[in-house]
Amino acid sequence: MMNRGRAGSVGVLVAGLAIMTVLAGGCGPRDAKGGQAGELAGAESTATGRVVNVAVLEVQPERYADFVTVTGAVTADRDVTVASEESGVIREVFVAKGARVRAAQPIARIDDRVLRAQYEQATAEAELARETWERQRRLWEEDSIGSEIAYLRARYGAETAAATARVLAVRLERTTILAPIAGVLDERFVEVGSMVAPGSAVARVVDADPLKVNAGIPERYAGEVRTGAPVVVSFDNGAEVEGVVGYASTMIDDRNRTFAVEVRVGNAGGQLKPGMVARVRVTRAIIEDALLVPRDAVLRAQSGYVVYTAAQENGQWVARTRAVETGSSDGRRVMIREGLSAGERIIISGQQQVANGDAIRITEGGPGGGP
């Protein structure tokens, strides 16, 4: 009996200690803002509930270029593969790979000894045929000596010999391979001693100023993007250039439902290279009274997008959820098509911490800095 009484007393003592521990925990230390150590940062507790510190922005209309952004590919304005027009062995190469060339500047020379000998022979034969024709003409026309057929043979023989000489002269000129355009000799496919035939690739000349940027615009913008539309083209190396749509296709590509546009951009500094990927921002409309908000202020919801507005109700600033319809974005800001009016204040800092109806304290962008 004595043991049971002692055990009961010990149980009562343990239970009492547990209750005291719980009560002591309820009076534990609070965080630096006066709330419990699990409350949201930036929020304060008052006698009426939680108050969240926020920054707001008063939305005002401004002029904005609405645009569509697509990915484009950079190509050279002119990219020419130079081919040989004669056969033979390359005897000289005049231009190093990567060097600039002028239009009609010699690039390489084919061995021309055989052709030159043929040209000299043809030139001599043409001269003989001309002299024969002149004598035959005087005899026939002035003295009526000889026959008409001999007269005609001499005439056409002289013309044929002269034509043969001219053909060989042109072929002889073609043994010197010339740059067809001004640009950079980007590739060279032959060296001294290489054997070439008519049509063999000798070099590649690229004119990279200006450049062409080709992109595909989704078909839903077919009625809005036209030739002459302003364009901003940006690249991964940080370069950004402006231009206009120089060409807009009249056809829709049935493989990807886009239509092609082409933009010419300057490249005087040589920062851009054919083959680069570009981001093409094509202006499709100018809006004089657009409402723009910071991108971070727009939050995704189940039904679309929302922003939080700051509204004054009964002398207290509160956060209100507002469903909005968004438009295009310039990277930092988003255009609001529907859901906001000019002059309204939206929460741009603290929007992740508030809920609809929460009391807020405006610390930046407001009329008084407090509720």
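Because only heavy atoms are used, hydrogens play no part in the values below, and waters and symmetry mates are left out as well, while side chains stay in. Every value quoted in this text rests on a predicted model; they were computed, and no experiment measured them. We count residues from 1, following the sequence as given.
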- request: Could you walk me through whether Gln351 and Gln353 pass the side chain to side chain donor-acceptor pair (under 3.5 Å) test, one step at a time?
  value: CA-CA 5 Å; Gln351 68 272 21; Gln353 300 174 1; over 6 Å; no
message: Is there a side-chain contact (heavy atoms from CB on, under 4.5 Å) between Val95 and Gln105? Walk through the geometry before answering.
response: CA-CA 9 Å; Val95 182; Gln105 179 179 336; 3.7 Å; yes
Ignoring hydrogens and angles, state whether a donor on the side chain of [X] or [Y] is under 3.5 Å from an acceptor on the partner side chain.
X      : Y      : answer
Arg295 : Ser329 : yes
Ser328 : Asp66  : yes
Gln121 : Glu125 : yes
Thr75  : Asn214 : yes
Tyr308 : Arg320 : no

Please give me the minimum heavy-atom distance between [X] and [Y], naming the atom from each residue.
X      : Y      : value
Ala165 : Ala126 : CB-CB, 4.3 Å
Ser84  : Ile110 : OG-CD1, 3.4 Å
Arg100 : Val184 : NH1-CG2, 3.4 Å
Glu58  : Arg345 : OE1-NH2, 3.8 Å
Gln136 : Ser147 : NE2-O, 4.4 Å
Ala129 : Gly157 : CB-O, 3.8 Å

First locate atom [atom1] of [X], then atom [atom2] of [Y], and finally report the distance between them rounded to the nearest 0.5 Å.
X      : Y      : atom1 : atom2 : value
Glu344 : Leu57  : CD    : CG    : 12.0 Å
Asp186 : Asp79  : CG    : CG    : 7.5 Å
Met251 : Glu219 : CE    : CD    : 12.0 Å
Arg171 : Leu115 : CZ    : CG    : 4.5 Å
Ile360 : Ile362 : CD1   : CD1   : 5.0 Å
Ile346 : Leu291 : CD1   : CG    : 9.5 Å

- request: Evaluate the side-chain contact (heavy atoms from CB on, under 4.5 Å) criterion for residues Glu120 and Arg116: first the C-alpha distance (whole Å), next the side-chain angles of each, then the deciding distance (0.1 Å), finally the verdict.
  value: CA-CA 6 Å; Glu120 292 171 352; Arg116 187 170 297 278; 3.7 Å; yes
Looking at side-chain heavy atoms only, is the closest gap between [X] and [Y] below 4.5 Å?
X      : Y      : answer
Pro218 : Val70  : yes
Val282 : Val245 : yes
Val231 : Val280 : yes
Glu240 : Val232 : yes
Pro210 : Arg264 : yes
Val68  : Glu224 : no
Val74  : Phe235 : yes
Arg361 : Trp317 : no

- line: When Val244, Asp209, Val213 are each screened for side-chain contact (heavy atoms from CB on, under 4.5 Å) with Val265, the one that passes is Val213
task: Please indicate whether Tyr119 has more than 12 foreign heavy atoms, meaning atoms of other residues, nucleotides or ligands, lying under 6.0 Å from its OH.
output: no
task: Look at atom CD of Glu134 and say whether more than 12 heavy atoms of other residues, nucleotides or ligands are closer to it than 6.0 Å.
output: yes
Sub-3.5 Å donor-acceptor pair from the side chain of [X] to the main-chain atoms of [Y], do we have one?
X      : Y      : value
Asp77  : Lys212 : no
Arg188 : Val202 : no
Asn267 : Ala208 : yes
Asn314 : Gln316 : no
Asn356 : Thr321 : yes

If hydrophobic clusters are built by linking Ile, Leu, Val, Met, Phe, Trp and Tyr wherever their side-chain heavy atoms come under 4.5 Å apart, do [X] and [Y] end up in the same one?
X      : Y      : value
Val324 : Tyr64  : no
Leu299 : Val54  : yes
Leu178 : Leu172 : no
Ile177 : Ile181 : yes
Val190 : Phe94  : yes

field: Derivation and outcome, side-chain contact (heavy atoms from CB on, under 4.5 Å), residues Val196 and Ile90
entry: CA-CA 7 Å; Val196 295; Ile90 299 293; 4.1 Å; yes
- request: Assess whether side-chain contact (heavy atoms from CB on, under 4.5 Å) is satisfied between Thr309 and Leu340, documenting all intermediate values.
  value: CA-CA 9 Å; Thr309 62; Leu340 279 181; 4.0 Å; yes
statement: The residue among Asp111, Asp112, Thr175 that forms side-chain hydrogen bond (donor to acceptor under 3.5 Å, both in side chains) with Arg91 is Asp111
Looking at [X] and [Y], does any basic side-chain N land under 4.0 Å from a carboxylate oxygen?
X      : Y      : result
Glu159 : Arg155 : yes
Arg279 : Asp236 : yes
Glu62  : Arg333 : yes
Asp254 : Arg257 : no

message: Could you walk me through whether Tyr151 and Trp133 satisfy the ring-ring contact (aromatic ring centres under 6.0 Å, His included) test, starting with their C-alpha distance in whole Å, then the side-chain angles of each, then the deciding distance to 0.1 Å, before giving a yes or no?
response: CA-CA 7 Å; Tyr151 166 82; Trp133 152 244; 5.2 Å; yes
- prompt: Within 45 degrees of the axis of the six-membered ring of Phe67 and under 6.0 Å from its centre: does Arg281 put its NZ or CZ there?
  reply: yes
